[in-house]
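In what follows, chains are A, B, ... by sequence order, proteins preceding strands, each numbered from 1. Side chains are part of it too, since the values below use all heavy atoms of this structure and drop only hydrogens, waters and symmetry mates.
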Protein chains: 2
Amino acid sequence: MPEAPWTIPSIAIAVDLAVFTVMDGMFQIMLVERGVEPYRGLPALPGGFLHDAGESLDAAAARELAEETGLDASRLHWEQLGTYGEPDRDPRQRVVTVCYLAFVVGTATPQAGGDARAASWVPTSTILKGDTQLAFDHRQIIDAAVERARSKLEYTTLAATFCDPEFTVTDLRQVYEIVWDEHLDPRNFHRKVTGVTDFLVPTGRQTVRHGGRPAALFRRGSAHLLHPAMLRPCPPRPASAIQTS
Amino acid sequence: MPEAPWTIPSIAIAVDLAVFTVMDGMFQIMLVERGVEPYRGLPALPGGFLHDAGESLDAAAARELAEETGLDASRLHWEQLGTYGEPDRDPRQRVVTVCYLAFVVGTATPQAGGDARAASWVPTSTILKGDTQLAFDHRQIIDAAVERARSKLEYTTLAATFCDPEFTVTDLRQVYEIVWDEHLDPRNFHRKVTGVTDFLVPTGRQTVRHGGRPAALFRRGSAHLLHPAMLRPCPPRPASAIQTS
DNA sequence: ACAAAAGTGTTTTTCCTACACCCATGG
DNA sequence: CCATGGGTGTAGGAAAAACACTTTTGT
């Protein structure tokens, strides 16, 4: 890294969050409604600026995550997604935002904080397909975040983070089906996930059902990587994996 | 994104590059020798600060990449790797660096620029295994970059970007073997890569050899994604794919 | 008994692995 | 003709896809 021309005008650093859940049969993302200009009233990713000069990026992300979800960030899965810094992405001044991805259980309640008027879960389908206007470049960030989340399910056991502490194989399969928007064969899925060592730990308990055979309940095991991977049905991988230039 | 407390002390934004090549049978990374304090004399990733307030992150990365390699960045593969911003990573002041990954052909010549005293290719093995001291947190960045590069070869056709415009299947296989530090069966590799549509385009020409049957020469085809993926031999995936908090 | 959902078995296909073997060239 | 590397054929196994079938509950 070369010497700094310290004359560069100050650039603000922000941290944004793409927090996902599966709730009500839909793959949902947490969005806030902006309470101030610019983009006042429009949906946006929750996030904020670094609290102080000594706060690390990860610490800021964890703090925001805890604030927005009311959950303990140290017990959630989150990871850096990417950094967005086009010069004109914020009309006020140059802002570079480091975006993080997080997976939380559907029972978490979005909490509006700071400048946000409201926070809520929004189905990703309404963002991806619809023409909802979003603040800043947040549509582009959400596109990347959804694709990252989808591909994470392929080779990690993170789908279980969308489930309650005890869940059935069908619960887990529905997470996959909802996030990928693909139908999976229940029989093959069952064999696959129960065959991965340390993915699912049987609790011995069963569901009580309205009709039909009760399902065994499981907890998350210690495995984090899925091997072999659970591949999405045919459709070729997205362009975001290519990035040539 | 909430309102900014514009009182936050200025944070400098830098762009660093992890530029890889395969040369002399080794997987090498471009490093510069720092010409100024801090870490003067130590190897570091090439990079620099944004040139002006209007320069985008990608533009800065492309500019640095062209400067350091003498190549046309628009014809290379490069992508964002991650952002590093620990408060104490630069002793001078708070610096957040957005790191990019790039793959170039081994004939490219490193060019020292700006604050760097020299630029050169360094085998990744001497960095990963050795205890060479590196500037800033660049060892950590290189670890992540090497792992990203290795996994990229699994599901993309990018290995060919390390080859000359015309190359043999053996050239390509050696790229895989060198980057992964794994032995691959030449026969199965041949069948696999020649079977992927649009990966390799036959030129009709052949190598002239010292001995042995001449090999057919190929160019890169239009395929970017490898399907099905070329999986690395057994060793389980690295911890960097997990990132739980 | 029947519907409904869970879970198992079986077959087919695909793809990876391993390795025998043939091909084309230089000396 | 033989050493050297390029390329093909084939057999076995792991795992995915497709789907018939059995199990276990509520009504």
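Atom CG of B/D131 has 12 or fewer heavy atoms from other residues, nucleotides or ligands within 6.0 Å.
The CD atom of A/E182 sits 16 Å away from the P atom of D/dA16 (whole-angstrom rounding). Rounded to whole angstrom, the span from the CD atom of B/Q174 across to the C1' atom of D/dG6 amounts to 13 Å. When the P atom of D/dA16 is taken as reference, atom OH of A/Y176 falls 12 Å away, rounded to whole Å. Between the CZ atom of B/R209 and the C1' atom of C/dC23 there is a distance of 14 Å, given to the nearest Å. The separation between B/F167 atom CZ and D/dG6 atom P is 15 Å, rounded to whole Å. Summarising the geometry, the separation between CG on B/N188 and P on D/dA11 is reported as 15 Å, rounded to the nearest angstrom. One interatomic measurement links the two molecules: NE2 of B/H183 to C1' of C/dA18, which rounds to 11 Å at whole-angstrom precision.
The side chain of A/K192 contributes an N or O atom lying less than 4.0 Å from OP1 or OP2 of D/dA16. Between A/H190 and C/dT8, a side-chain N or O to OP1/OP2 separation shorter than 4.0 Å is present.
At a threshold of 4.5 Å between non-hydrogen side-chain atoms, the residues A/V146 and A/I127 do not count as touching.
Residue order along DNA chain D, read from the 5' end via each residue's closest nucleotide, puts B/R173 first among B/R173 and A/R187. Remark on DNA chain D: of its neighbouring residues B/R213 and A/M230, the 5'-side contact belongs to B/R213, judged by nearest-heavy-atom nucleotide.
Using a 4.0 Å heavy-atom distance criterion, B/T170 is classed as a sugar-phosphate-only contact.
A salt bridge is absent between A/R232 and A/E182; no separation between the charged side-chain nitrogens and carboxylate oxygens falls under 4.0 Å.
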